[in-house]
Undergrad: 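The structure follows.
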Amino acid sequence: MCGINLITPQDKAWKMMKTEAVTENSGKINCSTEYEQTSVEHCSSTEESSERAQGPGSISSPCHHYLMTTKELQLYWSKEKHERKPVKLLFEIPSTRIAEDFLSKFVVYKIIIVSTGSFDENKVFIERRYSDFEKLHRNLLKYFKEEMEDVLFPKKILMGNLTEELIRKRILALKDYLAELYTISCVRKSKKFMEFFTKPEEEEGYSCLRGGEYGRATELFHQVVCLKERLTLHCPAVVVPSMCALVVCHKDMDNLDKAYEVGMKALTILEKHTVHRYYVPLLDTLISLAYKIGKDFMSLRERLEKEERKVNIEHMSVSLKELAVQECIE
């Protein structure tokens, strides 16, 4: 018996885990590198964040797997399989409408982004015309010409572009175009790709916020937040300014519970980005909201005092609303 090696189920699981860990680490993408050209601040991938959250002492870290029983390992791998289920996006164009300006008529396409892999309860849509797609294509080619050499963009048609047959063909072509773009990692993580889906509504939202039209601004920012949450899974902090604008709108309309709910969600995203320019103003606003609605404000105050003790803190005297109204001003 002395020459036989006994391999337990735990040993097998441990070896599998090490192999998967090596494979996973070799394929990781640093989202801050890919976002460098687009100047999106404080970008951090969800994979990296989850690893830091686990830490060396976490039960999910590799060094503790050998302590698990067979049942515990089975539960662990079941949970891992569920949590790592890929989330992909589908781009649907369910309908169109004919619009016109002072010079001509044109087709407006209704676009819906659907998340696969889980139940998508927040379905929002945007409307874009062909010229918007054309502008997106030109902007992306400036940065990703080589990566997009096989991407087909439907050509512009000057005559007969309002016929039902052509509109049907163009719907299919534009759906395929968005799907192709999404398969290219550097493109789907680019600022220009995200702005195609969010920038017009976001700019209108900030304009309404500055004008005191909080009801309309709330609708627009809710739409923008839902879209950004789908489009920026690799860099969650990108959605924070829009979420904070939503907090301001709810607060000014006396929807304090909703403002607190959205604000706490934004604060959770910023836990790993305490140097973010929105972190301190958001904390300050949440303390006020928590006090008014009877929530725990002392722990939030302790976190704020901790930040105040730091040297060279910026934006300490700027309120959340002041930050929000300054967005999208060129």
Undergrad: Specify the closest pair of heavy atoms between Pro241 and Tyr206, including all atoms of both residues, with the distance to one decimal.
TA: O-OH, 3.5 Å
Undergrad: Distance check, rounded to the nearest 0.5 Å: Ile184 atom CD1 versus Glu146 atom CD?
TA: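 The CD atom of Glu146 is 12.0 Å from CD1 of Ile184, to the nearest 0.5 Å.
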Undergrad: Other residues, nucleotides and ligands only: do more than 12 of their heavy atoms fall within 6.0 Å of CD on Glu164?
TA: no
Undergrad: With Glu219 as reference, evaluate Gln223, His222, Arg216 under the side-chain contact (heavy atoms from CB on, under 4.5 Å) test and give the passing residue.
TA: Arg216
Undergrad: Looking at every non-hydrogen atom in both residues, tell me the closest pair between Leu209 and Val248 and how far apart they are.
TA: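 Closest pair (atom of Leu209, atom of Val248, distance): CD1-CG1, 3.9 Å.
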Undergrad: One pair to check against side chain to side chain contact (heavy atoms under 4.5 Å, CB included): Lys292 and Ser288. What are the steps and the verdict?
TA: CA-CA 6 Å; Lys292 291 178 181 178; Ser288 173; 3.7 Å; yes
Undergrad: When you compare the side chains of Thr285 and Lys251, does any donor N or O come within less than 3.5 Å of an acceptor on the partner?
TA: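 No, no side-chain donor-acceptor pair sits under 3.5 Å.
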Undergrad: What's the separation between atom CG in Leu141 and atom CD in Glu149, rounded to the nearest 0.5 Å?
TA: 11.0 Å
Undergrad: Which pair of heavy atoms, one from Lys228 and one from Ser242, lies closest together, and at what distance?
TA: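 Nearest pair, atom of Lys228 first, then Ser242: NZ-OG, 3.2 Å.
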Undergrad: In sequence, state the C-alpha distance, the side-chain angles, and the governing distance for Ile171 and Thr96, and then conclude on side chain to side chain contact (heavy atoms under 4.5 Å, CB included).
TA: CA-CA 9 Å; Ile171 286 174; Thr96 62; 3.7 Å; yes
Undergrad: Does the ring center of His137 lie less than 6.0 Å from the ring center of Tyr177?
TA: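 Ring centres of Tyr177 and His137 closer than 6.0 Å.
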Undergrad: Work out which heavy atom in Val224 is nearest to a heavy atom in Thr198; give both atom names and the distance.
TA: CG2-O, 4.1 Å
Undergrad: Quick one: sort the Phe153 and Tyr130 rings into parallel, tilted or perpendicular, breaks at 30° and 60°.
TA: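 Judged by the thresholds at 30° and 60°, the geometry between Phe153 and Tyr130 is tilted.
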Undergrad: Could you check whether Arg277 pairs with Glu322 (Lys NZ or Arg NE/NH1/NH2 to Asp/Glu carboxylate O, under 4.0 Å)?
TA: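 Answer for the salt bridge query: no.
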Undergrad: Strictly below 4.0 Å, N to O, side chains only: are Lys110 and Glu92 in salt-bridge contact?
TA: no
Undergrad: Please report the closest heavy-atom contact between Phe193 and Leu136, naming both atoms and the distance.
TA: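 Shortest heavy-atom contact: CA-CD1, 4.2 Å.
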Undergrad: Under the 3.5 angstrom rule, does the side chain of His276 hit a backbone N or O of Tyr278 as a donor-acceptor pair?
TA: yes
Undergrad: Any sub-3.5 Å donor-acceptor pair from Asp296's side-chain atoms to Met298's backbone N or O?
TA: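 Between the backbone of Met298 and the side chain of Asp296 there is a qualifying donor-acceptor contact (under 3.5 Å).
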Undergrad: Would you mind checking if Glu134 and Lys155 are paired as a salt bridge, meaning a charged N to carboxylate O distance below 4.0 Å?
TA: no
Undergrad: In terms of hydrophobic clustering (I, L, V, M, F, W, Y; side-chain heavy atoms under 4.5 Å; direct or indirect links), are Phe106 and Ile93 co-clustered?
TA: no
Undergrad: Find the distance between CG (Leu172) and CD1 (Ile167) and round it off to the nearest 0.5 Å.
TA: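 The distance works out to 12.5 Å.
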Undergrad: Identify whether the distance between the nearest side-chain nitrogen and carboxylate oxygen of Arg168 and Glu165 falls below 4.0 Å.
TA: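 The answer is no: the pair does not qualify as a salt bridge.
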Undergrad: Quickly, which of Phe133, Tyr109, Tyr182, Phe125 forms a ring-ring contact (aromatic ring centres under 6.0 Å, His included) with Phe91? Name it, please.
TA: Tyr182
Undergrad: Quick check on the hydrophobic clustering: are Leu220 and Val225 connected, directly or via other members, by side-chain heavy-atom contacts under 4.5 Å?
TA: no
Undergrad: Are the side chain of Arg303 and the backbone N or O of Ser299 linked by a donor-acceptor pair below 3.5 Å?
TA: no
Undergrad: Taking side chain as C-beta onward, heavy atoms only, is Arg170 less than 4.5 Å from Ile157?
TA: yes
Undergrad: Once you round to the nearest 0.5 Å, how far does OG1 of Thr274 lie from NZ of Lys306?
TA: 7.5 Å
Undergrad: Taking it one step at a time, do Glu229 and Lys265 satisfy salt bridge (Lys or Arg N to Asp or Glu O under 4.0 Å)?
TA: CA-CA 12 Å; Glu229 285 177 336; Lys265 189 175 179 181; 2.9 Å; yes
Undergrad: Do NZ/NE/NH1/NH2 and the carboxylate oxygens of Arg128 and Glu201 come within less than 4.0 Å?
TA: yes
Undergrad: Could Glu261 and Lys258 be called an ion pair, given the rule that one side-chain N must be under 4.0 Å from one carboxylate O?
TA: yes
Undergrad: Taking all non-hydrogen atoms of both residues into account, name the closest pair between Pro281 and Leu323 and its distance.
TA: CG-CD1, 3.7 Å
Undergrad: Where the side chain of Arg129 meets the backbone of Val107, is there a donor-acceptor pair that is under 3.5 Å apart?
TA: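 Checked: no pair found.
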Undergrad: Quick check for you: to the nearest 0.5 Å, what is the distance between Leu267 atom CG and Glu271 atom CD?
TA: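 Rounded to the nearest 0.5 Å, the CG-CD separation comes out at 6.0 Å.
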Undergrad: Could you tell me the separation between the OG atom of Ser190 and the OH atom of Tyr143, rounded to the nearest 0.5 Å?
TA: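 Between atom OG of Ser190 and atom OH of Tyr143 there are 9.5 Å.
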